[in-house]
Number of protein chains: 2
Amino acid sequence: MSQVSGRRRAVTILDVARAAGVSRAAVSKVIRDASGVSPAMRARVNAAVQELDYRPSVAARALRGASYTIGLEVPQVGNRFLTQIVEGALEALGDTRYQLMIAPADGREGYGAIEALADRQVDGIVVVSPRVEARWLERLAASVPVVMLGRHDRSERYDTVVGDDTAGAGQVLEHLVGLGHRHIVHLTEDSAVTAIGTGSPHTLRLRAYEDGMAAAGLGALARVVRTGQTEKSAQATMRELLAERPRPTAVFAGHDQLAIGALAAVVEADAGREVSLVGYDNTDLAAHPALSLTSVDQGGPEMGRRAIGMLLERIGGRTEPRHHVIRPSLAVRRSSGPPAHD
Amino acid sequence: MSQVSGRRRAVTILDVARAAGVSRAAVSKVIRDASGVSPAMRARVNAAVQELDYRPSVAARALRGASYTIGLEVPQVGNRFLTQIVEGALEALGDTRYQLMIAPADGREGYGAIEALADRQVDGIVVVSPRVEARWLERLAASVPVVMLGRHDRSERYDTVVGDDTAGAGQVLEHLVGLGHRHIVHLTEDSAVTAIGTGSPHTLRLRAYEDGMAAAGLGALARVVRTGQTEKSAQATMRELLAERPRPTAVFAGHDQLAIGALAAVVEADAGREVSLVGYDNTDLAAHPALSLTSVDQGGPEMGRRAIGMLLERIGGRTEPRHHVIRPSLAVRRSSGPPAHD
DNA sequence: CTGAAAGCGCTAACAC
DNA sequence: GTGTTAGCGCTTTCAG
């Protein structure tokens with residue numbers, strides 16, 4: 001009806017049809033460039049579209065078919081690693097007709113953001129939060145193509161893209177042990193994150209840490225310290241570690257955000273030369289010379305690109321699941337070095 | 001009809017109505033908790049909703065009325081300042097029934113992301129990119145509530161939230177001049193950004209820089225250096241500045257990302273004590289002890305919160321425009337100090 | 001090659 | 001208080 005609070009009604013396909021003196025169906029064909037339209041009609045319709053500045057309603061389209069929207073659920077907008085994934089995804093979407101929509105799940109627990117995406121009839125969903133039940137995800141995947149990032153358990157219903165967390169953490173351990181460290185602490189998020197079945201990346205990193213310590217004959221020295229998921233809490237936890245005597249000589253953080261928080265405590269205590277620090281994700285910040293954080297690169301942008309690629313394949317009709325594993329590599333920087341005292 | 005490539009058809013309101021033995025309208029009323037439903041019916045319907053795991057289609061709803069979606073257009077997903085805005089926005093959306101959807105405009109120029117949002121029938125749009133023509137925005141605002149962030153020119157059609165860039169940059173100049181600096185360079189993005197009418201934040205910061213220099217009797221020493229929008233390019237530009245003799249003693253960067261890039265060059269050259277650096281935005285990184293960057297805080301989260309507040313008011317019916325200005329404050333840290341040699 | 005008509009899932013009038 | 005009905009804007013058979 002009339003405009004709500006002075007809002008203008010949008011131009012519809014009917015307006016265009018009338019202006020061009022053709023049927024709605026004809027307009028529809030032209031804008032989708034479907035076959036079966038004469039050049040003359042195409043020209044008339046296009047002119048009318050231009051003239052009226054017509055834009056098809058995605059909602060109406062979605063009701064019939066596709067919304068040309070890819071949804072990406074992210075647990076935390078501020079997370080640099082996720083940001084890299086998004087950049088890769090955008091790149092892969094490039095000039096397809098699909099638009100990326102990011103639904104932030106910040107704070108609110110549960111599946112709200114993912115459901116919001118599904119409710120909006122997106123054509124495919126990339127899920128990043130690892131705290132999602134596999135069952136639930138399978139149900140979701142029954143109605144819309146899904147690719148899950150960073151989850152190791154495989155499903156018949158959805159695709160996955162993961163880094164090889166075991167290998168990555170293994171490289172860290174080799175590096176630190178190789179430098180001569182023995183008192184190596186693993187700093188990771190509280191157990192909620194490492195307890196999600198065996199599939200969570202952080203669980204695997206934790207296992208690999210324990211295995212690596214054991215393999216180096218340091219099993220008895222292995223020590224896992226939990227902290228919150230923010231930089232601030234990692235900083236606070238690291239302060240406590242630095243107050244201990246003897247101090248651990250190296251800390252392997254579960255991800256860069258924790259590592260960067262820990263680094264803050266190290267800088268405060270001016271203990272840079274005494275304790276080595278290694279992160280995971282090789283966030284762009286890690287390379288900053290003021291931080292120079294040794295970190296495992298697991299190719300965030302590549303993950304994003306791959307995820308989109310798989311989704312587009314699914315949308316295109318593929319039904320067999322695919323699972324892609326990315327090989328990580330360690331970027332060694334100044335935050336790690338030989339222990340000060342042997 | 002039947003499922004596309006094995007995809008399950010979603011439960012519709014009709015399924016629920018049948019299961020509950022009532023009409024579709026009744027179901028609709030219950031799920032929107034509109035008035036005029038008996039407790040008994042409400043119970044039956046709710047049971048059926050649970051049973052079938054029914055979720056209303058947002059697309060279908062949008063066709064009639066609201067999509068309960070707020071769109072936020074961001075020019076760059078990796079930008080920490082934008083991230084803060086998003087966090088504020090999420091907070092303000094809290095437990096309203098509105099869902100935030102972020103449309104990243106990364107890279108692609110033009111209004112693609114904003115249009116994508118509008119096409120998807122969002123109930124309101126927050127626009128962050130300052131490179132948008134006022135005209136175009138006014139047209140958009142005629143069909144959907146819009147609030148524009150960081151733009152100084154006022155419109156009758158849309159709301160705005162801005163920091164007082166002139167005051168913020170003024171504080172920086174006072175700070176640096178007060179410390180005794182005379183060779184103060186302003187590092188800002190290439191002219192495309194500072195040339196968008198008089199409304200762009202960066203134009204105002206630039207003006208305030210020039211005015212501040214002049215007011216301090218340093219007009220002749222004023223020097224504006226342009227760089228790209230990435231950390232890397234700021235770093236490269238800063239390297240060149242550091243290679244000059246005499247070096248500038250202070251650099252005021254147009255925003256933290258540039259400042260952080262510049263800081264990388266400073267750290268590389270080990271010139272930390274010789275050149276002061278000030279940023280703008282007071283990004284969370286600025287507070288990190290390894291960077292400790294002096295920066296202007298313009299309340300990103302507050303901007304996000306305010307923007308959402310205004311949008312909800314518009315959606316609620318307000319039609320007169322509102323424009324909100326946030327007072328910035330300077331966070332002084334170790335990156336700025338008195339010049340080494342006078 | 002073109003147009004008429006049915007219907008996607010939902011809401012809002014309006015009858016009953 | 002409850003159900004019927006007419007669309008919202010678009011795509012898609014299916015006749016012509």
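Computed from a predicted structure; not experimentally measured. The figures here come from the full heavy-atom set of this structure, side chains too, leaving out hydrogens, waters and symmetry mates.
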Q: Measure from the side-chain heavy atoms of B:Ile31 and tell me the nearest of C:dT11, D:dT2, D:dC10.
A: C:dT11

(Q) Without decimals, in angstroms, what is the distance between A:Asp33 CG and D:dT11 C1'? (A) 15 Å

**Q.** A:Val37 versus A:Ala26, closest heavy-atom pair with distance
**A.** CG1-O, 4.4 Å

**Q.** Donor + acceptor pair across side chains of B:Arg154, B:His323 (<3.5 Å)
**A.** no

Q | Nearest-angstrom distance from the residue atom CD1 of A:Ile13 to P of D:dG7 | A | 19 Å

Q.
Could you report the tightest heavy-atom contact between B:Ala307 and B:Leu149, atom names first, then the distance?
A. CB-CD1, 3.5 Å

Q. How many Å lie between CG on B:Leu63 and P on C:dA12, as a whole number?
A. 12 Å

Q: May I ask you to verify if any side-chain N or O of A:Tyr68 is less than 4.0 angstrom from the OP1 or OP2 atom of D:dC10?
A: no

Q: Between C:dT11, C:dT2, D:dG3, spot the one nearest the side chain of A:Val37, thanks.
A: C:dT2

Q) With sugar-phosphate meaning primed atoms plus P, OP1 and OP2, does A:Gly65 contact a base, only sugar-phosphate, or nothing at under 4.0 Å between heavy atoms? A) nothing

Q. Separation of A:Arg44 atom CZ from C:dC1 atom P, in whole Å?
A. 15 Å

Q) Once you round it to whole Å, what is the distance between C1' of C:dG7 and CZ of A:Arg64? A) 6 Å

Q. Under 4.0 Å between a side-chain N or O of A:Thr12 and OP1 or OP2 of D:dG9?
A. no

Q. If each of B:Val22 and A:Ala59 is mapped to the nucleotide of DNA chain D with the nearest heavy atom, which maps nearer the 5' terminus, i.e. the 5' end?
A. B:Val22

Q: Figure out the CD/P separation between B:Gln121 and C:dC10, and round it to whole Å.
A: 16 Å

Q: Tell me whether the OP1 or OP2 atom of D:dT11 has a side-chain N or O from A:Arg61 closer than 4.0 Å.
A: yes

Q.
Rounded to whole Å, please give me the gap between CZ in A:Arg24 and P in C:dA5.
A. 10 Å

Q: Remember a base hit wins even if backbone is also touched, and classify A:Arg32 as base, sugar-phosphate or nothing at under 4.0 Å, heavy atoms.
A: base

Q.
Side chains of A:Arg120 and B:Thr69: any donor to acceptor distance under 3.5 Å?
A. yes

Q.
Taking any heavy-atom pair under 4.0 Å as a contact, classify B:Ser38: base, sugar-phosphate, or nothing.
A. sugar-phosphate

(Q) Can you tell me whether the side chain of A:Lys29 and the base of C:dG3 have a donor-acceptor pair closer than 3.5 Å? (A) yes

**Q.** A:Ser155 side chain reached by A:Leu137 side chain, heavy atoms, under 4.5 Å
**A.** no

Q) Between A:Arg42 and C:dC1, is there a side-chain N or O to OP1/OP2 distance below 4.0 Å? A) no

Q) Between D:dG3 atom P and B:Leu14 atom CG, what is the distance in whole Å? A) 13 Å

Q. Which part of the nucleic acid, if any, lies within reach of A:Ala25 when heavy atoms closer than 4.0 Å are counted: base, sugar-phosphate only, or nothing?
A. base

